[in-house]
S.K.: 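Here it is: the structure, laid out below.
These numbers were taken from a predicted model, which means no experiment stands behind them. Index from 1, following the sequence.
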Amino acid sequence: MITPILTGCTAAGPEPRTPLVAGTGAPVIIPGGPGDAGRTARPGENLGESEARVTAADVRFAEGMIPHHRQALEMAALVRPRSSSPVLWRLAERITAAQRPEIAAMTSWLKSAGRAPAGHDDGGPHGGDSGHAVTREQENQLRTARGTDFDRLFLSLMIVHHEAAVTMAKRQIEDGTDRIMLAMAADVVSGQAIEITRMRRELLRLGG
């Protein structure tokens with residue numbers, strides 16, 4: 001849980017800054033280094049200062065990134081049963097380790113801002129393709145693929161998926177104001193850019 005409570009969305013001018021302290025409820029995630037998972041803040045840990053209000057851009061980033069991350073988790077969960085590549089296994093593990101706690105943090109942040117996060121079927125990967133880099137048809141193709149065919153398709157789709165996340169994060173950095181969301185966006189840009197490079201290298205090795 002984040003204190004103080006963030007209320008409403010506004011594009012108004014700067015508001016007074018107040019200390020931001022991790023509580024004992026939902027976790028607050030501190031972004032890690034590029035390509036690394038974040039860590040959970042200790043209860044009572046001083047996280048610096050935060051705007052008393054958030055902008056529509058901050059909310060839009062969180063509301064868009066949650067279903068985007070959920071789709072990445074669903075794709076990552078397909079790797080172990082369908083691929084024999086340790087490279088893809090490690091990639092899927094990194095995606096899961098980084099994005100699952102980020103979903104929890106953004107969900108908690110939205111609730112603190114007075115917004116109810118969208119449900120899994122409300123704009124998520126199975127609730128329509130709008131706003132998602134990977135369509136339902138492409139995800140179904142991934143589910144039926146096996147072996148090297150799966151590896152190539154997974155890498156191709158996840159590269160596109162990561163590129164879309166980087167675009168969303170750069171927009172947040174340009175337009176957002178909330179310290180937590182800006183830090184998360186910066187972590188997405190740096191971490192996923194590294195993963196894109198790794199995936200392109202592996203895809204080239206596979207002849208993709």
S.K.: For a quick check under 3.5 Å, do Asp178 and Trp109 share a side-chain donor-acceptor pair by atom type?
M.R.: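 Yes, Trp109 and Asp178 have a side-chain donor paired with an acceptor closer than 3.5 Å.
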S.K.: Give the C-alpha distance, both sets of side-chain angles, the deciding distance and a yes or no for salt bridge (Lys or Arg N to Asp or Glu O under 4.0 Å) between Glu202 and Arg205.
M.R.: CA-CA 5 Å; Glu202 181 64 12; Arg205 190 187 72 79; 2.7 Å; yes
S.K.: Do you know which of Leu91, Ile159, Asp149 makes side chain to side chain contact (heavy atoms under 4.5 Å, CB included) with Phe154?
M.R.: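 So the option named by the test is Leu91.
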S.K.: When you measure from the side chain of Arg146 to the backbone of Arg143, do you find a donor-acceptor pair of N or O atoms at a distance under 3.5 Å?
M.R.: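 Present.
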S.K.: Taking atom CE of Met75 and atom CD of Glu139, what is their separation to the nearest 0.5 Å?
M.R.: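 It is 6.5 Å, given to the nearest 0.5 Å.
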S.K.: Drop me the distance from Leu155's CG to Glu195's CD, to the nearest 0.5 angstrom.
M.R.: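 One finds 11.0 Å between CG of Leu155 and CD of Glu195.
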S.K.: Determine whether a donor-acceptor pair (N or O, by modelled atom type, separation under 3.5 Å) exists between the side chain of Gln71 and the backbone of Val134.
M.R.: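 Yes: the side chain of Gln71 pairs with the backbone of Val134.
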S.K.: Measure from the side-chain N and O atoms of Thr144 to the backbone N and O of Gln141, and report whether any donor-acceptor pair falls under 3.5 Å.
M.R.: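 Indeed, once roles are kept as given, a pair shorter than 3.5 Å links the two residues.
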S.K.: Taking Gln138 for its side chain and Thr135 for its backbone only, find out whether a donor-acceptor pair lies under 3.5 Å.
M.R.: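 Answer holds: yes.
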S.K.: Ignoring hydrogens and angles, tell me if any N or O in the side chain of Thr96 forms a donor-acceptor pair with the backbone of Ala92 under 3.5 Å.
M.R.: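 Side chain of Thr96 to backbone of Ala92: a pair is present.
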S.K.: Between NZ of Lys111 and CE of Met106, what distance do you get to the nearest 0.5 Å?
M.R.: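 Going from the NZ atom of Lys111 to the CE atom of Met106 covers 13.5 Å.
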S.K.: Is the side chain of His69 donor-acceptor paired with the backbone N or O of Pro101 at a distance under 3.5 Å, no angle test?
M.R.: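 No; zero donor-acceptor contacts below 3.5 Å.
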S.K.: Looking just at side-chain N and O atoms, do Asp175 and Thr55 make a donor-acceptor pair shorter than 3.5 Å?
M.R.: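 There is no such pair (donor and acceptor under 3.5 Å, judged by atom type) between the side chains of Asp175 and Thr55.
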S.K.: Is the closest side-chain heavy-atom distance between Arg94 and Arg198 below 4.5 Å?
M.R.: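 A side-chain contact under 4.5 Å exists here.
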S.K.: Once you round to the nearest 0.5 Å, how far does OG of Ser83 lie from CG of Leu88?
M.R.: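 Answer for the OG-CG pair, Ser83 versus Leu88, is 4.5 Å.
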S.K.: Just how far is it from atom CZ of Arg200 to atom CG of Leu203, taken to the nearest 0.5 Å?
M.R.: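 CG of Leu203 is found 10.0 Å from CZ of Arg200.
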S.K.: So, Glu174 and Lys170, do they make that salt bridge, N to O below 4.0 Å?
M.R.: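 Not counted as a salt bridge, because no side-chain N and carboxylate O are separated by less than 4.0 Å.
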S.K.: Give, for atom OG1 of Thr107 and atom CD1 of Ile66, the distance between the pair rounded to the nearest 0.5 Å.
M.R.: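 Going from the OG1 atom of Thr107 to the CD1 atom of Ile66 covers 3.5 Å.
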S.K.: Can you spot which of Met181, Gln99, Met168, Met184 makes a side chain to side chain contact (heavy atoms under 4.5 Å, CB included) with Met65?
M.R.: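 One option only clears the test, and that one is Met168.
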